[in-house]
Amino acid sequence: MKKEILSNVITGALVVAALVMSVSAVRRSLITNRRGPSISEPRKLDTDYELTSVGHVIGPEKASVKIVEFSDFQCPGCGAMQRILAVLRERHPDVAVVFRHWPLRRIHPHAYSAALAAECAGEQGRFEPYADALYGEQWRIGVKPWDAFARDVGVQDLAGFQQCLDEARYANIVTRDLETAEELQLSATPTIIVNGFVLVAPPLAMIEDYIQRR
């Protein structure tokens with residue numbers, strides 16, 4: 001009897017272990033599929049998306065090369081990327097950056113509101129300095145009021161700024177960029193698109209290399 005009970009216990013344990021392994025395998029598969037393309041290698045976009053006709057152009061409007069950046073104001077890697085892009089623009093005055101929003105709301109709870117606030121600052125011509133202030137003080141996002149950031153970067157009509165934010169006036173722009181990121185199957189922030197090549201958190205040398213691929 002004891003042997004029979006022991007055998008049943010062992011069999012049950014094996015069945016449970018097999019179920020756990022199966023569920024784990026399915027979960028890994030779902031996670032892999034959800035991530036989309038590998039982020040380790042650059043890839044060429046399959047479709048002819050016109051990505052530079054919308055967004056905020058940082059640099060010369062008639063730049064010979066426009067780099068598209070999908071970014072999240074709370075993303076530490078995105079903050080680091082701004083320093084790389086600043087050096088890039090110093091080295092290559094004919095290059096501009098087109099900023100597109102990609103707030104990852106699941107992991108950065110204030111990123112969406114930060115994007116709306118930046119757009120409201122942009123309504124008064126202060127998008128770039130507002131974005132710089134957010135990246136420069138990422139640790140204060142969600143603590144420091146949005147209008148305090150606005151005041152610091154010279155937004156003149158603070159009441160208008162606050163009304164814009166309360167109305168979520170530019171939610172359609174943020175949603176548009178989010179949908180574009182989804183359509184392009186982007187996988188991580190920051191993503192840089194140079195001459196149709198998708199680069200995830202690339203170093204400066206890689207961006208410069210792909211600038212030449214025209």
Side-chain angles (χ1 to χ4, degrees), residues 33-61 63 65-89 92 95-122 127-136 138 141 168 170-211 213:
N33 291 335
R34 198 163 54 234
R35 275 205 314 258
S38 167
I39 67 173
S40 58
E41 293 294 332
R43 66 181 174 94
K44 190 78 165 62
L45 291 177
D46 296 329
T47 52
D48 295 327
Y49 276 90
E50 178 47 66
L51 296 175
T52 62
S53 61
V54 294
H56 291 273
V57 178
I58 300 172
E61 284 284 347
V65 177
K66 289 185 177 179
I67 294 172
V68 179
E69 175 191 13
F70 282 86
S71 190
D72 173 319
F73 287 118
Q74 271 196 284
C75 160
C78 297
M81 180 56 61
Q82 305 319 300
R83 295 187 287 275
I84 292 175
L85 293 176
V87 173
L88 179 76
R89 289 173 53 212
H92 306 274
V95 170
V97 175
V98 180
F99 186 96
R100 306 289 297 270
H101 297 284
W102 192 13
L104 305 180
R105 300 173 78 172
R106 288 184 302 168
I107 57 176
H108 297 144
H110 305 293
Y112 182 80
S113 295
L116 294 178
E119 287 295 330
C120 289
F127 179 86
E128 184 178 349
Y130 197 94
D132 288 344
L134 290 174
Y135 285 124
Q138 279 187 325
I141 290 178
Y170 294 100
N172 61 321
I173 288 179
V174 180
T175 299
R176 175 203 67 197
D177 288 354
L178 285 167
E179 290 175 349
T180 301
E182 183 71 21
E183 289 172 11
L184 297 176
Q185 298 182 43
L186 304 186
S187 56
T189 55
T191 289
I192 307 297
I193 301 177
V194 187
N195 290 322
F197 287 92
V198 179
L199 315 176
V200 180
L204 176 60
M206 178 181 285
I207 300 175
E208 290 182 316
D209 178 41
Y210 279 87
I211 283 175
R213 304 190 184 196

#### Entry: Residues which pass disulfide bond (SG atoms under 2.5 Å apart) with Cys120, listed by chain and number, not counting sequence neighbours
Cys164
### Query
In a check of side-chain contact (heavy atoms from CB on, under 4.5 Å) between Pro202 and each of Val200, Leu199, Leu204, which one passes?
Leu199
### Task
To the nearest 0.5 Å, tell me how far Asp72 CG sits from Met81 CE.
13.5 Å
### Query
Is Glu119 reaching over with its side chain to a backbone N or O of Ala115, donor-acceptor style, under 3.5 angstrom?
no
### Summary
Between the CD1 atom in Ile58 and the CD1 atom in Ile67, the distance rounded to the nearest 0.5 Å is 11.5 Å
### Task
Kindly write out the residues that satisfy salt bridge (Lys or Arg N to Asp or Glu O under 4.0 Å) with Glu182, not counting sequence neighbours, or none if the list is empty.
none
### Query
Counting N and O atoms only, with roles assigned by atom type, does the side chain of Gln74 sit under 3.5 Å from a partner on the main chain of Gln138, one being a donor and the other an acceptor?
no
### Phe70 to Ile193 - nearest heavy-atom pair and separation
CE1-CD1, 3.9 Å
### Task
Evaluate the side-chain proximity of Val98 to Leu51: yes if any heavy-atom separation is below 4.5 Å, no if none is.
no
### Task
Carefully, step by step, assess Arg176 and Val54 under the rule side-chain contact (heavy atoms from CB on, under 4.5 Å).
CA-CA 10 Å; Arg176 175 203 67 197; Val54 294; 3.6 Å; yes
### Query
Quick one: are Leu88 and Ile211 in side-chain contact, heavy atoms under 4.5 Å?
yes
### Query
At what distance, to the nearest 0.5 angstrom, does OG of Ser113 lie from CZ of Arg105?
7.5 Å
### Task
Could you tell me whether the side chain of Thr180 reaches within less than 4.5 Å of the side chain of Arg100, counting heavy atoms only?
yes
### Task
Quick one: list whatever passes side-chain contact (heavy atoms from CB on, under 4.5 Å) with Ala121, sequence neighbours left out.
Arg126, Tyr130, Val155, Phe161
### Task
Taking salt bridge (Lys or Arg N to Asp or Glu O under 4.0 Å) as the test, write out the residues that go with Glu128, two or more places apart.
Arg89
### Summary
Closest non-hydrogen atoms of Trp102 and Ser187, given as atom of the first, atom of the second and distance, are CH2-N, 3.7 Å
#### Entry: Main-chain N/O of Glu61 paired to Lys66 side chain as donor or acceptor, under 3.5 Å
yes
### Message
Within this structure, what is the OG-OH distance for the pair Ser71 and Tyr135, rounded to the nearest 0.5 Å?
### Response
2.5 Å
#### Entry: Non-hydrogen side-chain atoms of Val198 and Leu184 separated by less than 4.5 Å
no
### Query
Are any of the side-chain heavy atoms of Gln185 and Arg43 separated by less than 4.5 Å?
yes
### Task
Sequence neighbours left out, what passes side-chain contact (heavy atoms from CB on, under 4.5 Å) with Ala168? Give chain and number order.
Leu116, Ala171
### Query
Considering only heavy atoms from C-beta outward, does the side chain of Leu178 approach that of Pro103 to under 4.5 Å?
yes
### Separation of Ile192 CD1 from Ile207 CD1 (nearest 0.5 Å)
5.5 Å
### Message
Does any part of the side chain of Phe73, heavy atoms only, come nearer than 4.5 Å to the side chain of His110, both counted from C-beta?
### Response
no
### Message
Taking side-chain hydrogen bond (donor to acceptor under 3.5 Å, both in side chains) as the definition, give me every residue that meets it alongside Tyr170, ordered by chain and number, with sequence neighbours left out.
### Response
Glu123
### Query
Looking only at heavy atoms, which two atoms of Ala96 and Val57 are closest? And how far apart?
CB-CG1, 4.0 Å
### Task
Identify the heavy atoms of Ala118 and Phe127 that sit nearest to each other, and give their distance.
O-CD1, 3.3 Å
